[in-house]
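Worksheet: the structure to be examined is printed underneath.
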Number of protein chains: 2
Amino acid sequence: MRRGKDLPIFNRLQVLRAERGLTRAALAEAVEVNPQTIGALERGDHYPSLDLAFRICEVFGLPVEAVFSRNPFTPLSTQVYGSRQEGTE
Amino acid sequence: MRRGKDLPIFNRLQVLRAERGLTRAALAEAVEVNPQTIGALERGDHYPSLDLAFRICEVFGLPVEAVFSRNPFTPLSTQVYGSRQEGTE
DNA sequence: ACGAAGCGTTGCAAAAACCCAACGACACGT
DNA sequence: ACGTGTCGTTGGGTTTTTGCAACGCTTCGT
């Protein structure tokens with residue numbers, strides 16, 4: 001978390017894991033790290049290495065930008081179905 | 001370079017820098033690291049943090065996968081103009 | 001010939017990421 | 001009530017990335 005304190009990095013790990021019914025331990029095993037490391041990433045304790053980020057993205061079959069991003073993620077749900085407020089109809 | 005020794009990560013830093021006429025020091029300043037760090041990345045001494053990778057990609061205006069990849073990059077030149085051998089015409 | 005600029009590389013110190021063991025909290029099934 | 005599983009978190013250690021200073025090499029301009 002070096003100079004990224006002015007520009008943090010967000011991630012969708014928790015959501016993606018929930019979507020696929022993956023437990024922390026399961027994801028940890030899939031990317032060959034400890035479950036605590038997954039926990040630390042989810043709660044933002046620190047950032048992953050590029051190596052680990054790639055392994056994680058490979059598990060989910062997603063590009064890096066879909067899992068990690070500089071600006072906070074909008075919920076996938078509203079992104080797919082739209083927000084109730086947007087039309088104000 | 002932890003577990004990535006079986007699956008290394010390649011990067012196009014040198015080429016991208018040359019394309020835009022950026023010196024090591026210039027790129028280093030743009031992403032706020034030391035020039036030696038750029039050198040270490042280019043020669044594969046170690047991998048960048050995700051934070052640094054993002055800053056680099058921002059400078060080039062490219063997605064992460066365009067700068068860092070798990071399989072070696074084909075030269076941009078042949079990728080754009082094609083290889084002489086392919087037709088064998 | 002000289003200096004400046006860029007590259008390539010080394011060695012050591014600091015910071016960040018990661019490992020590992022352990023504990024408590026909560027939900028669930030029996 | 002008890003065990004199991006998942007989560008959340010902590011503390012102390014190892015590994016990797018980064019910072020920093022320094023040196024040698026080449027090219028270019030003067």
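Numbers restart at 1 for each chain; the letters A, B, ... are given by sequence-line order, proteins then strands.
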N/O-N/O pairs, protein side and nucleotides 9-13 of chain C side, under 3.5 Å:
residue : atom : partner : partner atom : Å
C:dT9   : OP2  : B:Arg43 : NE           : 3.4

Discussion item. Could you walk me through whether A:Val15 and A:Phe73 satisfy the side chain to side chain contact (heavy atoms under 4.5 Å, CB included) test, starting with their C-alpha distance in whole Å, then the side-chain angles of each, then the deciding distance to 0.1 Å, before giving a yes or no?
Written reply: CA-CA 11 Å; A:Val15 181; A:Phe73 286 104; over 6 Å; no

Output yes when at least one side-chain N/O atom of [X] is less than 4.0 Å from OP1 or OP2 of [N], else no.
| X | N | value |
| --- | --- | --- |
| B:Ser49 | D:dT17 | no |
| A:Arg17 | D:dC7 | yes |
| A:Asn34 | C:dC20 | yes |

Interatomic distance, [X] [atom1] vs [N] [atom2] [rounded to whole Å]:
| X | N | atom1 | atom2 | result |
| --- | --- | --- | --- | --- |
| A:Leu50 | D:dT18 | CG | C1' | 15 Å |
| A:Leu41 | C:dC18 | CG | C1' | 9 Å |
| A:Asp51 | D:dT15 | CG | P | 17 Å |
| B:Tyr47 | D:dT15 | OH | C1' | 15 Å |
| A:Glu32 | C:dC20 | CD | C1' | 17 Å |
| B:Leu27 | C:dG6 | CG | C1' | 14 Å |
| A:Arg55 | D:dT16 | CZ | P | 12 Å |
| A:Ile38 | C:dC19 | CD1 | C1' | 13 Å |

For [X] versus [Y], what's the shortest heavy-atom pair and its separation?
| X | Y | result |
| --- | --- | --- |
| B:Pro35 | B:Ala25 | CG-CA, 4.2 Å |
| B:Ala53 | B:Phe68 | CB-CE1, 3.8 Å |
| B:Asn34 | B:Ala28 | C-CB, 3.7 Å |

Fill in: side-chain contact (heavy atoms from CB on, under 4.5 Å) partner of A:Val33, the single match among A:Leu52, A:Leu27, A:Leu41
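Answer after filtering A:Leu52, A:Leu27, A:Leu41: A:Leu52.
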
Worksheet item: Per the end-axis method with five pairs at each terminus, what is the bend angle of the helix from C:dA1-D:dT30 to C:dT30-D:dA1, to 10°?
Response: 30°

Item to complete: State whether the number of non-hydrogen atoms from other residues, nucleotides or ligands found under 6.0 Å of A:Glu65 atom CD is greater than 12.
Response: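 It does: A:Glu65 CD has more than 12 such atoms within range.
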
Worksheet item: Short question: side chain of B:Tyr47, backbone of B:Ile9 - any donor-acceptor pair under 3.5 Å?
Response: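 Present.
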
Discussion item. According to side chain to side chain donor-acceptor pair (under 3.5 Å), who are the partners of A:Arg20, at least two apart in sequence or on a separate chain?
Written reply: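 Partners of A:Arg20 under the side chain to side chain donor-acceptor pair (under 3.5 Å) test: none.
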
Worksheet item: Among the nucleotides C:dG8, D:dT18, C:dC19, which one has an atom lying closest to any side-chain atom of B:Leu52?
Response: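 Within the option list, the nearest is D:dT18.
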
